[in-house]
2 protein chains.
Amino acid sequence: MIENDIFRALSDPTRRAIFEKLAAGGMNASALREGMEISQPAMSQHLAVLRSAKLVREERQGRFVNYEVDPDGLALIAQWLEKYRAYWPARIEALKVLLKDMDQ
Amino acid sequence: MIENDIFRALSDPTRRAIFEKLAAGGMNASALREGMEISQPAMSQHLAVLRSAKLVREERQGRFVNYEVDPDGLALIAQWLEKYRAYWPARIEALKVLLKDMDQ
DNA sequence: GAATCACATAAGTATGCGCTTATGTTTTGG
DNA sequence: CCAAAACATAAGCGCATACTTATGTGATTC
């Protein structure tokens, strides 16, 4: 079950930090490690978990592997959240403003 | 960190099932167990985790304890998701329709 | 083409997590 | 009151998980 993978992947703070970094722009694994105090294998393993959760996708570029946010995982969380939208009415207005902004 | 508690709480499929049940309507712990094949202590422990993640809140009613969805946890997830809204444009249209419906 | 770089995988270990059994606490009904 | 019901908490156990060290793999550079 993919929902399982997604929430499990995000339950680790290190993995959320990695994801947040990637959300600011695609990056290879070495660049991701900068300023994070994490070993190379640990990073590789975290990326594998994020990848199998469809939160991140990879792209070989020579001997580097570029990583970037995969919209699929986020869409699944959004979909999950929508099921319970009746419970967060307070945020509706904020979302409306947001959508209006994206309209231009 | 509360975000940690939330994602960790949702990473367990049993806990997501409990949450989903509660989303359909408030219920006490015994009622929640019906049709779930889960022991009483296990249920109590799961509810404690959901509670500390602000996904669920309790209300004593005699010797029963009624549980219901707490909007706070959901709002926090929505807030977290919004940070990455640039990455799920495909879902924007669906959300728009949704918000329009809620307008009446 | 051999050394090196960027990264993945393997194996082992310590800690966390979800379950069980057992017991405690609060409330109600007779 | 006191027995039972509804839940919470405690302690222990097996398994997942996040890390480490070591090694493997594919691409590049000299």
Side-chain angles (χ1 to χ4, degrees), chain A residues 1-22 24-70 73, chain B residues 1-22 25-70 73 77:
Chain A
M1 197 190 206
I2 187 71
E3 261 178 16
N4 238 330
D5 297 333
I6 293 183
F7 285 116
R8 206 189 65 72
L10 292 173
S11 71
D12 185 77
T14 304
R15 238 144 28 207
R16 281 203 311 280
I18 293 171
F19 181 80
E20 194 150 354
K21 245 183 160 182
L22 283 177
M27 215 181 299
N28 61 52
S30 296
L32 273 172
R33 287 185 58 204
E34 282 170 21
M36 278 209 67
E37 212 153 335
I38 186 175
S39 74
Q40 180 269 316
M43 173 61 77
S44 187
Q45 286 159 18
H46 279 309
L47 287 170
V49 173
L50 288 169
R51 213 182 324 133
S52 71
K54 300 225 174 283
L55 282 163
V56 144
R57 59 187 175 198
E58 65 171 43
E59 187 186 355
R60 262 266 167 201
Q61 279 178 358
R63 65 179 161 181
F64 292 83
V65 177
N66 204 271
Y67 281 92
E68 58 182 4
V69 167
D70 186 342
Chain B
M1 199 190 203
I2 186 72
E3 262 178 14
N4 239 328
D5 297 334
I6 293 184
F7 285 115
R8 207 188 66 71
L10 292 174
S11 71
D12 185 75
T14 304
R15 239 147 24 211
R16 281 203 311 280
I18 293 171
F19 182 80
E20 194 151 352
K21 245 183 159 180
L22 283 177
M27 216 181 300
N28 60 54
S30 297
L32 272 171
R33 286 185 59 206
E34 284 169 19
M36 276 209 70
E37 214 156 333
I38 186 176
S39 74
Q40 180 269 316
M43 173 60 77
S44 187
Q45 285 161 18
H46 279 309
L47 287 170
V49 172
L50 288 169
R51 212 184 322 136
S52 72
K54 300 227 177 282
L55 283 163
V56 144
R57 61 187 174 198
E58 66 173 41
E59 186 186 355
R60 261 264 166 201
Q61 279 178 358
R63 65 178 158 179
F64 292 83
V65 177
N66 205 271
Y67 281 92
E68 57 183 6
V69 167
D70 186 342
I77 301 178

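- The OG1 atom of A:Thr14 sits 11.0 Å away from atom CD of A:Glu37, with the distance rounded to the nearest 0.5 Å.
- One interatomic measurement links the two molecules: CZ of A:Arg60 to C1' of D:dA27, which rounds to 7 Å at whole-angstrom precision.
- Rounded to whole Å, atom P of D:dA8 lies 10 Å from atom CG of B:Asn28.
- In this structure, the nucleotide among D:dA6, D:dT9, C:dG18 sitting nearest to the side chain of B:Ser44 is D:dT9.
- Here B:Arg33 lies out of heavy-atom contact (under 4.0 Å) with every strand.
- Along DNA chain D, the nucleotide nearest B:Met43 and the nucleotide nearest A:Pro41 are compared for position; the residue whose nucleotide lies closer to the 5' end is B:Met43.
- Not a single donor-acceptor pair, N or O on each side, falls under 3.5 Å between the base of C:dA6 and the side chain of A:Gln40.
- Looking at A:Gln45, its side chain has no donor and acceptor atom pair within 3.5 Å of the base of D:dT17.
- Closest approach of B:Leu55 to B:Ile6, counting heavy atoms only: CD1-O, 4.2 Å.
- Rounded to whole angstrom, the span from the CG atom of B:Asp12 across to the C1' atom of C:dC17 amounts to 9 Å.
- Atom CG of residue B:Leu32 and atom CE of residue B:Met27 lie 5.0 Å apart, to the nearest 0.5 angstrom.
- Distances were taken from every side-chain heavy atom of A:Arg8 (C-beta onward) to each of C:dC17, D:dT17, D:dT20; the shortest belongs to D:dT17.
- A:Glu37 has its CD atom 19 Å from the P atom of D:dA18, to the nearest Å.
- If you measure from atom CD1 of A:Ile38 to atom P of D:dT21, you get 13 Å, rounded to the nearest angstrom.
- Among the nucleotides C:dT27, C:dC19, C:dC5, the one closest to any side-chain atom of B:Thr14 is C:dC19.
- Distance, A:Glu59 CD to D:dA27 C1': 16 Å, rounded to whole Å.
- For A:Ser39 and D:dT20, the shortest distance from a side-chain N or O to OP1 or OP2 is below 4.0 Å.
- Summarising the geometry, the separation between CG on B:Leu32 and P on D:dC7 is reported as 9 Å, rounded to the nearest angstrom.
- The two residues A:Ala9 and A:Leu50 come nearest to each other via the heavy atoms CB-CD2, 4.3 Å.
- For B:Tyr67 and D:dA8, the shortest distance from a side-chain N or O to OP1 or OP2 is below 4.0 Å.
- The distance from atom CZ of B:Arg63 to atom P of D:dA8 is 15 Å, rounded to the nearest whole Å.
- The phosphate of C:dC19 (OP1 or OP2) has a side-chain N or O of B:His46 nearer than 4.0 angstrom.
- A donor-acceptor pair is defined here as one N or O able to donate and one able to accept, closer than 3.5 Å; such a pair exists between the side chain of B:Arg15 and the backbone of B:Arg8.
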